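Note that the structure is a prediction, hence the values are computed from the model and not measured. Each chain gets a letter, A, B and so on, in the order its sequence line appears, and its residues count up from 1.
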There are 2 protein chains.
Amino acid sequence: MKVGLDVGGTKTDALAVDDSGTILGRVRLPTGWGPDAVARTVLDAVAALGDEAGVALDRVRSVGIGIPGQVEPGSGRVVHAVNLGVDALDLAAMLAPELGVPVQVENDVKAAALGAHALHARHGASAPASMAYLNLGTGIAAGIVSNGVLWRGARGTAGEVGHISVDPNGPRCRCGQRGCIEAFAGGGAVAERWGRRSALPVRDVFDAADAGDPVARELRAGLARGVAAAVRVLVLTADVDIVVLGGGVTALGDRLMTDVAAELSASAEASPFMRSLHLTDRVELLPPGSPAAALGAAIVGAQGDATFDTEEALVHG
Amino acid sequence: MKVGLDVGGTKTDALAVDDSGTILGRVRLPTGWGPDAVARTVLDAVAALGDEAGVALDRVRSVGIGIPGQVEPGSGRVVHAVNLGVDALDLAAMLAPELGVPVQVENDVKAAALGAHALHARHGASAPASMAYLNLGTGIAAGIVSNGVLWRGARGTAGEVGHISVDPNGPRCRCGQRGCIEAFAGGGAVAERWGRRSALPVRDVFDAADAGDPVARELRAGLARGVAAAVRVLVLTADVDIVVLGGGVTALGDRLMTDVAAELSASAEASPFMRSLHLTDRVELLPPGSPAAALGAAIVGAQGDATFDTEEALVHG
């Protein structure tokens, strides 16, 4: 049995899965702020899997943690997790002794990509040979999985499609460039340009656009344009079979998908080559409440336990 | 010993390499037009390796062919090689009986990526973990190699970065979209917009830009902008360690590299994130006359011979 945790900016999602990939228990806790509180949250969540979800913790053989920020593969250490108040945190070294099992740490988007791939493999007739998971949250980034293996890249920027500029006259991005995909479609950038406080500013923007507000319509169009651009980049560069959209902005569901599909269709109408890619058929939405990120973290965790199964075993075992 | 051929629009480059990767002989022939003439060119080039370069053809155990156009992996068949007058050609099935050894066919840019990686591994202290070969020819496309393995993607469009739009108000691309990287930086697109006939129109454009011609200056700036955009896309998506530039347009050498480096430096100045990528240090030029494409074809060919070595053996054997 393995445990996976997705440590988010507000909530931490934890689950335990058995060797066949069946989820045995799942809990959600508020995430603490700062290094010590984040570490405490992980320990509390694992304990809650036992206390609240009835998971037999003595059978847990590995723990994997997905967390926003930069994680050097195999290091167990996260840096620049700014949304968690963490500058640097050696989570694996800190928690492995407490938990008594190997602990692995991975960037949350990369973990979610692995988890989305595993879920797809279980629910679909056959797993796609390759998949990108495109996270539409405050920022925009992707994880790429091929044959069940995460594409890690050379220096930790694989999937950083959010900072590809697609319009030299586009809005200024927080990275300093103009017209980045994230400047168009990042939840944070859209909220900032919208300027009104709300729990989900992007939903406000869509509602106001429906009501005819011209600023909202422009922001909404830009969001679809940015997401469609990211899909094109992922397919034209990595040629992934499908692109799965997830993250906070996807709470908009079909309203988002309709806009994105319209953008993709517009480029297909203009271009026989783009039409041949059938992009609208290759974009999927991660279902709300999907355990992808925590499941992916569990897979990463098990990879640190040499005696344990790999994702293949999780999927097909 | 293995033979590799790079069948280009005007010339075919053929070489034989031994198991240690040493080039034993190399010949160049004009490429014929149309399916039969292309097949004839391959046979003539192999014969010329024996006659002119003194290669012991009875020791050849595989032949690999790199060719512009779409090649389904393992099919031995090329379609839409428009520059060669070929609509569809089953090269492997046609030539293997004549040559008496297994024949493999690969897209020329993908083959060149493998070859560039192998050359890098031989000449450098250590091979980069991952590399993109960005071909700047009539069109623009890339091949991505990681750990010596070509990234093939799901449906044959891996590395098709030329048709990523980076400016909604940019020039119309032959694919139908606006502002594609290829519309800015493809040799064909630049020549068409320049409109004056010449052996290497891009060189004319650079010369005229140096002389102050405003149209030429705009075209030259666009070319650098397109190449820089392709480099950013490859690093931000696939996170390749280095990007090697090759293809006809790179005959401009340092003149091209200076412009591209200036573009990359400009985005690095605007953005600490882009600065952290050190892109100018990660772009290299394939030397003029490099055998990368034919060498890569030889590697692909050997992969079809189960008794033969892989690229690893070629590089390290």
Measuring from A:L84:CG to A:L89:CG, what's the distance to the nearest 0.5 Å?
9.0 Å
Does any part of the side chain of A:L236, heavy atoms only, come nearer than 4.5 Å to the side chain of B:V161, both counted from C-beta?
no
Going through the distances and angles, do B:V227 and B:M257 end up as a side chain to side chain contact (heavy atoms under 4.5 Å, CB included)?
CA-CA 10 Å; B:V227 175; B:M257 287 297 268; over 6 Å; no
What donor-acceptor contacts under 3.5 Å connect chain A and chain B, backbone and side chains included?
{"residue": "A:W151", "atom": "NE1", "partner": "B:A238", "partner atom": "O", "Å": "2.5"}
{"residue": "A:A154", "atom": "N", "partner": "B:D239", "partner atom": "O", "Å": "2.8"}
{"residue": "A:A154", "atom": "N", "partner": "B:D239", "partner atom": "OD2", "Å": "2.9"}
{"residue": "A:R155", "atom": "N", "partner": "B:D239", "partner atom": "OD1", "Å": "3.4"}
{"residue": "A:R155", "atom": "N", "partner": "B:D239", "partner atom": "OD2", "Å": "2.6"}
{"residue": "A:R155", "atom": "NE", "partner": "B:D241", "partner atom": "OD1", "Å": "2.8"}
{"residue": "A:R155", "atom": "NH2", "partner": "B:D241", "partner atom": "OD1", "Å": "3.1"}
{"residue": "A:G156", "atom": "N", "partner": "B:D239", "partner atom": "OD2", "Å": "2.8"}
{"residue": "A:T157", "atom": "N", "partner": "B:D239", "partner atom": "OD2", "Å": "3.1"}
{"residue": "A:T157", "atom": "OG1", "partner": "B:V235", "partner atom": "O", "Å": "3.3"}
{"residue": "A:T157", "atom": "OG1", "partner": "B:D239", "partner atom": "OD1", "Å": "2.9"}
{"residue": "A:G159", "atom": "N", "partner": "B:L236", "partner atom": "O", "Å": "3.3"}
{"residue": "A:G159", "atom": "N", "partner": "B:T237", "partner atom": "O", "Å": "2.9"}
{"residue": "A:E160", "atom": "N", "partner": "B:L236", "partner atom": "O", "Å": "2.8"}
{"residue": "A:C175", "atom": "O", "partner": "B:S271", "partner atom": "OG", "Å": "2.7"}
{"residue": "A:V235", "atom": "O", "partner": "B:T157", "partner atom": "OG1", "Å": "3.3"}
{"residue": "A:L236", "atom": "O", "partner": "B:G159", "partner atom": "N", "Å": "3.3"}
{"residue": "A:L236", "atom": "O", "partner": "B:E160", "partner atom": "N", "Å": "2.7"}
{"residue": "A:T237", "atom": "O", "partner": "B:G159", "partner atom": "N", "Å": "2.9"}
{"residue": "A:A238", "atom": "O", "partner": "B:W151", "partner atom": "NE1", "Å": "2.5"}
{"residue": "A:D239", "atom": "O", "partner": "B:A154", "partner atom": "N", "Å": "2.8"}
{"residue": "A:D239", "atom": "OD1", "partner": "B:R155", "partner atom": "N", "Å": "3.4"}
{"residue": "A:D239", "atom": "OD1", "partner": "B:T157", "partner atom": "OG1", "Å": "2.9"}
{"residue": "A:D239", "atom": "OD2", "partner": "B:A154", "partner atom": "N", "Å": "2.8"}
{"residue": "A:D239", "atom": "OD2", "partner": "B:R155", "partner atom": "N", "Å": "2.6"}
{"residue": "A:D239", "atom": "OD2", "partner": "B:G156", "partner atom": "N", "Å": "2.8"}
{"residue": "A:D239", "atom": "OD2", "partner": "B:T157", "partner atom": "N", "Å": "3.1"}
{"residue": "A:D241", "atom": "OD1", "partner": "B:R155", "partner atom": "NE", "Å": "2.8"}
{"residue": "A:D241", "atom": "OD1", "partner": "B:R155", "partner atom": "NH2", "Å": "3.1"}
{"residue": "A:S271", "atom": "OG", "partner": "B:C175", "partner atom": "O", "Å": "2.7"}

Is the closest side-chain heavy-atom distance between A:L223 and A:L136 below 4.5 Å?
no
Quick one: of B:A229, B:G156, B:G179, who has the most non-hydrogen atom pairs under 4.5 Å with chain A?
B:G156
Check step by step if side chain to side chain contact (heavy atoms under 4.5 Å, CB included) holds for A:M131 and A:I242.
CA-CA 5 Å; A:M131 170 197 277; A:I242 62 168; 3.7 Å; yes
For chain B, which of A:A270, A:P272, A:A266 has the most heavy-atom pairs under 4.5 Å?
A:A270
Need one label for A:I144: side chain, backbone, both or neither, based on atoms under 4.5 Å from any heavy atom in chain B.
side chain
Ranking A:A238, A:C173, A:A142, A:G159 by heavy-atom pairs under 4.5 Å to chain B gives rank one to A:A238
Pair listing, ring-ring contact (aromatic ring centres under 6.0 Å, His included) test, anchored in residues 215-238 of chain B, at least two apart:
none
B:V249 vs B:I140 side-chain heavy atoms within contact, under 4.5 Å
no
